[in-house]
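Presented below is the structure to which this report refers.
If you're wondering where the values come from, they're calculated on a predicted model, not measured in any experiment.
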Amino acid sequence: VQLQASGGGLVQTGGSLRLSCAASGFNWDTYIIGWFRQAPGKEREGVAGISSEDGSTAYVNSVEGRFTISRDSTKNTLYLQMDSLEPKDTAVYYCAVSPGWSPSLLRLWLLSSPSSWGRGTQVTVSS
């Protein structure tokens, strides 16, 4: 499994960024793929996930309404559109995937430790 995240950068409060994750090396029928983040001195946090089965999504409460996860299966690419960014969103963002997780487990997946990870991309929001 290979997951390559990109699109991070420096943005001012209220700005937007779109992260991308190029995924390859797997052909599972059922999986959840999404984004985690880790800020300096803090524990890793699940941000958003999307199910391969039906496209249903889940978000951590702190980004609900500001972030949108999506995927283009034809390009094997995952996206995270981040709007209304705040300094508390500053973190390294990682793309992650786990096979065998059904859509009903999306919120639980955000609390889990996914089986495969990519290298992160830094997002910095200045005040």
### Task
Using the salt bridge (Lys or Arg N to Asp or Glu O under 4.0 Å) rule, collect all pairs that involve residues 39-60, keeping only residues at least two apart or in two chains.
Arg37-Glu45
### Task
Establish, from distance only, whether the side-chain atoms of Ser6 and Gln4 form a donor-acceptor pair under 3.5 Å.
no
### Task
With rounding to the nearest 0.5 Å, note down the distance linking CG in Leu80 to OH in Tyr93.
7.5 Å
## Note on the structure
For residues 77-127, the disulfide (SG to SG under 2.5 Å) pairs (sequence neighbours left out) are Cys21-Cys95
### Query
For Leu85 and Thr13, what are the C-alpha separation, side-chain angles and deciding distance, and is it a side-chain contact (heavy atoms from CB on, under 4.5 Å)?
CA-CA 5 Å; Leu85 282 161; Thr13 296; over 6 Å; no
### Query
Are Val123 and Leu17 close enough, and set up right, to give a side-chain contact (heavy atoms from CB on, under 4.5 Å), and what steps lead you there?
CA-CA 9 Å; Val123 172; Leu17 282 174; 3.9 Å; yes
### Task
Return each pair, listed once, that meets disulfide (SG to SG under 2.5 Å) where at least one residue sits in residues 22-63; pairs must be two or more places apart or across chains.
none
#### Entry: Asp72 atom CG, neighbour heavy-atom count above 12 within 6.0 Å
yes
### Query
Looking only at heavy atoms, what is the nearest atom pair of Ser126 and Leu10, with distance?
CB-CD1, 4.3 Å
## Note on the structure
Residues at least two apart in sequence or cross-chain that pass salt bridge (charged side-chain N to carboxylate O under 4.0 Å, His left out) with Arg18, listed by chain then number, are none
### Closest approach of Ser115 to Pro99 (non-hydrogen atoms, all atoms of both residues)
OG-CD, 3.3 Å
### Summary
Contacts satisfying ring pair (Phe, Tyr, Trp, His ring centres under 6.0 Å) that involve residues 24-50 (not counting sequence neighbours) are Phe26-Trp28, Phe26-Tyr31, Phe36-Trp109, Phe36-Trp117
### Query
Minimum heavy-atom separation for Leu106 to Ala58, with atom names?
CB-CB, 3.7 Å
### Query
What closest approach, in Å, do Ala23 and Ile33 show between heavy atoms, and which atom pair accounts for it?
CB-CD1, 4.2 Å
### ILVMFWY clustering at 4.5 Å (side-chain atoms), partners of Tyr79
none
### Nearest heavy atoms of Val60 and Leu110, plus distance in Å
N-CD1, 3.9 Å
#### Entry: Heavy-atom pair of closest approach, residues Thr90 and Val125
OG1-N, 2.9 Å
